[in-house]
Peer 1: 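Following this message is one structure expressed as structure tokens.
To find a chain, count down the sequence lines: A is the first, B the second, and so on, and within it residues start at 1. Just so it is clear, the model here is predicted, and its values are computed rather than measured.
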Amino acid sequence: MANSHIRLSRRAMLCGSATAGAALLITGASTRRLMAQNAPEKPREIIVRAWGGSWVEALKAGVSDPFTEATGIAVRHDLTEDNEIQPKLWAAVAQGRIPPIHVNWDTTTNATKSALRGVTEDLSDVSNLANTTDLAKPVGLEGYPIINTYGYVYVLAYRPEAFPDGPPTSWTALLDPKFKGRIALYNDGIGFHFPAQVAGGGSLEDIPDNMQAAWDFIAKVKEQDPLLGEDPDFTNWFQNGEIDIACTISTNAREARKNGLEIAWVVPEEGCKFDTDGLWIPKGLPENELYWAKEYVNFALTQQAQQVWLDGLGLPGVVPGLTPPEDLVDDPSYPTKPEDFAHLIRISAQVQVQNESEWFSKFKEIMQG
Amino acid sequence: MNMPAAQPADGERHAAVLVRDVDMDFGNGPLAVQSASFSLEAGRFLTILGPSGSGKTTLLRMIAGFQKPSRGQILIGGKASDAVAPHKRTIGMVFQKLALFPHMTVNENVAFPLKMRRFNPKDIPERVARYLDLVRLGGYGTRRIHELSGGQQQRVAIARALVFEPDLLLLDEPLAALDRKLREEMQLEFRRIQKELGVTTINVTHDQREALVVSDEIIVMDQGRIQQHADPVAMYRKPASPFVANFIGVSSFLKGEVTETGLSVNGFSCAGTLPRNMSLGSVAQGAIRAEQIRISATAADLASCDTTLQGTVTDTIFEGERLLYFVAVPGLATALQIYHHDPLGHAPHDRGAAVTIGWNARDLLIFPPQNM
Amino acid sequence: MPETNPDFRYPLRWRIMDMAEAIADFLWPRRLSKYTGWLFIMPALMLVGILVLGLIQIADASLRTLDTATYLPSDNWSLDNFQKALGSSVYFKVAWRSLLGAALTTAITLCFAFPYAYAMVRTQSPKVRKALLIALFLPFFIGQVVRAYGWLILLGNGGMVNDVLGLVGIGPVRLLFNYPAVIFGLVQYMLPFAVLMLAPALTAIPTETEIAAGSLGANWLQTLWHVILPMAKPGLVGAGLVVGTLSLTDFAVPAMLGGGSQDFVANAIYDQFFRTADQGLGAALALLLVAVGSLIVGLVFMVFGAGTLSMGARK
């Protein structure tokens, strides 16, 4: 058995070396690790949960395919929604079963919930962590139950056609009567609570204790009959001409623009929510599979992997020296310099985790009313 | 009393129902009804009798106005039957499957036509009670339909069809599904009620006994054509065709050449009654009722008969109040059927016994060839 | 002695049945035949058993509150989740929207399904009947989600309907993402179910009964009201129960055609399970939905009988 794995790994290596230019997208350090004779037995495949569409395409191109090339381990992508995989993982860990996936690509907030629940493996020993920025470290948690892999911005996306007098500068543009019924938000209001707090005249320091300003502003937006949806909905709605303006992750707006739609986005004066996504590994995997799952996460932190993956997403990564995609140079949704971050609102995952369900239900209460 | 098939113009004027040259063509073969004509005086009880597929139900449905004749005219009380929408006609109908309303009580069923026809609501309960009494269902008003016996359901259907005092009552084989005892009881009930109210009634049935029992007049239909229209006695005694003779009562049939005195069947001389204008030597058919043939072990007993023949008993059927003999006569194609009444219930002739049979000339009816 | 004919063989179907019987005899000997009934309902009993187990687990979960510091359910039981569910105006609103939606959908669906079923049952032309049947079954092959997606395309701002409206100078009109759109989608989804439930009930009403009503003096409206509708009641109740319960608990149509702001109870439950990870509250909501649904069905049974679902028993 061991022989066949070594052979497989050698063949993969040969393949890799034969591929000119693209040869070995991995750093020397990880090459040594991947080649190590004492590495545990390789699983046939590892399963990575991912978001569909352009999200999984980017992950495949930047991380999964090169990882397979380097190790011979196939990567299968499970496109179950992050919210739906969560209870399954929790149940698997609670019942001592082997979890259905090896690596979960998750929002930091959701991942933090899993970390608090104690279903995540500690990733402090992932070697490439040494070469990451502060963004990679989850705030308010012991060690690295998750590793943040990039940041993203909930921008104000709009159809320039609907703004003949120039781009909107404030979230209060949502209250313009001509956009009644042509606004879209996430259906739990994620990404919108904090700018709403500012736009409603409140202060960020009052989060989470006093968010009345946010609720008042959201109630006014409710009068505008907004559509509520998920990531794919935004692209669809823009594409079908259902909406003019939305609070969405820049990636979705960029995707619509790639499809040939006239879409632009701004960070309004009140600011935008900045958040991170990360990777984590559920507890309960067999020893060898855990090892290779960690190798996958490690691989995702290499500069080459980050560059390709995040070019696809159009988002800023967590290792230094990445270059932004051409269309996003100096774009507010791709912060690189300290002054770029000045307009972005970051709230600790801890606060978000503890209050999120309350914020969600408050948002629901207003929107379903 | 004889009802001539063709009505004089004078009779038509008083007719409650007048059917003139009616055809019904469903477009899938021969006409379902062909040149049907008859008239019915007010207060009379007419039965249209025929086997299934004879067109009797189609004719009734046209009279009821549910179907429009392809040709011809139907007048009810002097008015064309299809000139008025079905729900505005004053025709009461009792249906084959009764078509009672299972979700209503007996009272509600009977009150239904009164309500639909906007009778004074104050009069309705009294009238419903009166008609339930008429059909002997007094006190059953609050019952549900499924709580009643088959006969009681019949009575509800009759009361419902009569309660609004229609000019015409139509009965579409309502007794067909009942067992014999109940059917005979209901036949008498129909007759009693019809006589009590004097409502003009047309009944459709395939049961010849029912036709004889209940009717003032009978129309026999076959293959879409009216075969005969007469009162029951005439219909029985003087069937107009072998078909009628066969359909009503039990008859034996003889086929032969016409002679001066009757028929010559395979050389046997059979005395019979000849219609006018029969040419000698032509082939014709004769029919004789089972009760008109006498049977005896000794030829001397039948000396008074116009015709006697020797034969052998091939079968004996006990029918309770009488016996039916099948007697084969060598040289005749079919066995003759003979009723024998014996008050003591004896069967004087065993199977295989040699017997003499005989009849009188007036009882063998010979039909002109066009009616064969 | 009858002669045995060497050429005589049983038809193939008989031989197959004989063989099947022999195998059945071997697997389930005849002396066990009095338990055969139990054997056959075993799968059903197991399914019901699993359902009951699931309900018990849900009931257990509903009594545990979520601690957002650890994201674990509490160890001790409390009625907090029910209190939260019953005390919240948003769940009241969502419940009311679901109930009203189910009632409206049921009423409108029955109004459309009745004439359709009637035409299908009473038409004299086999061609018309076949066409109606095909039109009825076609949607069954197209799933609920695909159909809802079809409506998104047809009724969207750039959809066919708005294109037509545009030709006469109207619009584009927002036809989607509101309450009427949800009801519309539900009615369209439920129509075939209702027609299928109504058709047997209408077939059971003899044509003669309708003709009889006419001959007794009822016009078509009176016949419909006094005779056909009351006699079709079992079908109407059965269809109403199926449509009502399916609408009350529907998820996909409110989610897709409601634009996110027209949640039904099922959507609220989904949110608790999958968006805020509060399984306790989700379980409590699920139990309340089961309770309210059962209560309504029970009331309908009491008032109208079980309709065609009573399997011939009277009330």
Side-chain angles (χ1 to χ4, degrees), chain A residues 80-91 94 109-110 112-119 180-190 222 225-230 233 236-237 239-244 350-369, chain C residues 57 61 65-73 84-85 88-98 149 152-159 162 172-179 254-265 267-268 270-283:
Chain A
T80 310
E81 266 293 306
D82 54 344
N83 291 317
E84 287 176 25
I85 201 89
Q86 178 172 283
K88 292 182 188 171
L89 293 174
W90 291 6
T109 309
N110 260 344
T112 304
K113 289 181 194 170
S114 295
L116 286 172
R117 207 177 152 110
V119 302
K180 191 169 167 100
R182 302 194 55 81
I183 299 165
L185 302 173
Y186 284 100
N187 53 19
D188 43 19
I190 196 164
K222 161 71 183 166
D225 293 338
L227 302 189
L228 306 174
E230 301 276 0
D233 295 324
N236 269 337
W237 288 338
Q239 223 137 25
N240 299 337
E242 303 282 358
I243 53 171
D244 292 325
Q350 195 106 27
V351 172
Q352 292 198 49
V353 162
Q354 280 186 14
N355 296 282
E356 199 184 60
S357 46
E358 201 182 310
W359 297 339
F360 284 177
S361 47
K362 188 80 192 169
F363 182 84
K364 281 265 162 187
E365 199 177 310
I366 294 167
M367 285 302 168
Q368 296 296 330
Chain C
Q57 280 210 333
T65 46
L66 180 78
D67 178 0
T68 51
T70 58
Y71 265 83
L72 286 169
K84 199 167 165 188
S88 136
S89 64
V90 64
Y91 293 133
F92 185 78
K93 180 102 194 178
V94 166
W96 172 244
R97 179 184 294 137
S98 313
Y149 191 73
L152 288 182
I153 294 169
L154 284 177
L155 299 179
N157 272 11
N162 265 317
V173 183
R174 170 52 58 74
L175 302 166
L176 287 170
F177 312 126
N178 48 35
Y179 198 47
M256 295 183 72
L257 299 182
S261 54
Q262 304 295 337
D263 279 4
F264 275 32
V265 180
N267 306 83
Y270 176 91
D271 279 351
Q272 288 312 320
F273 273 105
F274 295 114
R275 235 187 276 287
T276 51
D278 191 345
Q279 301 189 12
L281 186 54

Peer 1: If you apply the rule side chain to side chain contact (heavy atoms under 4.5 Å, CB included), what do you find for C:V94 with A:K364, and how did you get there?
Peer 2: CA-CA 10 Å; C:V94 166; A:K364 281 265 162 187; over 6 Å; no
Peer 1: Chain A heavy atoms under 4.5 Å from C:F273: which part of the residue, side chain, backbone, both or neither?
Peer 2: backbone
Peer 1: Please determine if C:R174 and A:D225 form a salt bridge, counting it only when a charged side-chain N lies under 4.0 Å from a carboxylate O.
Peer 2: no
Peer 1: What's the spacing between A:T80 OG1 and C:F274 CZ if we round to 0.5 Å?
Peer 2: 10.0 Å
Peer 1: Nearest 0.5 Å, what's the CG-CG distance between A:L227 and C:L176?
Peer 2: 9.0 Å
Peer 1: Are any non-hydrogen side-chain atoms of C:Q272 and A:F360 less than 4.5 angstrom apart?
Peer 2: no
Peer 1: Supply the atom-to-atom distance A:N187 CG to C:D263 CG, rounded to the nearest 0.5 angstrom.
Peer 2: 7.5 Å
Peer 1: Top residue by heavy-atom pair count (under 4.5 Å) with chain C, among A:Q86, A:Q350, A:M367, A:Q354?
Peer 2: A:Q354
Peer 1: If you count heavy atoms of other groups shown closer than 6.0 angstrom to CD of C:Q57, is the number above 12?
Peer 2: no
Peer 1: With a 4.5 angstrom heavy-atom cut-off, is it the side chain or the backbone of C:S89 that approaches chain A, or both, or neither?
Peer 2: side chain
Peer 1: For A:E230, is it the side chain, the backbone, both or neither that has a heavy atom under 4.5 Å from a heavy atom of chain C?
Peer 2: side chain
Peer 1: How many angstroms lie between atom CZ of C:F177 and atom CD1 of A:I243, to the nearest 0.5 angstrom?
Peer 2: 9.0 Å
Peer 1: Of the backbone (N, CA, C, O) and the side chain (C-beta and beyond), which part of C:Q262 lies under 4.5 Å from a heavy atom of chain A, both, or neither?
Peer 2: backbone
Peer 1: At a 4.5 Å cut-off on heavy atoms, which part of C:L281 comes close to chain A: side chain, backbone, both, or neither?
Peer 2: neither
Peer 1: I need the residue from A:L116, A:T112, A:L228, A:N355 with the largest number of non-hydrogen atom pairs under 4.5 Å to chain C.
Peer 2: A:L228
Peer 1: Check each atom of A:N240 against the heavy atoms of chain C and say whether the ones under 4.5 Å are side chain, backbone, both or neither.
Peer 2: backbone
Peer 1: C:N178 versus chain A, heavy atoms under 4.5 Å apart: side chain, backbone, both or neither?
Peer 2: neither
Peer 1: Spell out, as yes or no, whether a donor-acceptor pair under 3.5 Å connects the side chain of A:Q368 to the backbone of C:G260.
Peer 2: yes
Peer 1: So with a 6.0 Å cut-off around OH of C:Y270, is the heavy-atom count from everything else above 12?
Peer 2: yes
Peer 1: Pick from C:A277, C:G159, C:A255, C:S88: which one has the most heavy-atom pairs with chain A under 4.5 Å?
Peer 2: C:A277
Peer 1: Check the surroundings of atom NZ in C:K84: do more than 12 heavy atoms from other residues, nucleotides or ligands lie under 6.0 Å from it?
Peer 2: no
Peer 1: Where does C:D278 contact chain A at under 4.5 Å (heavy atoms): side chain, backbone, both or neither?
Peer 2: neither
Peer 1: Of the non-hydrogen atoms in C:S261 and A:P226, which two are nearest, and what is the gap between them?
Peer 2: OG-O, 4.4 Å
Peer 1: Checking A:E242 side chain against C:N157 main chain: does a donor-acceptor pair fall under 3.5 Å?
Peer 2: yes
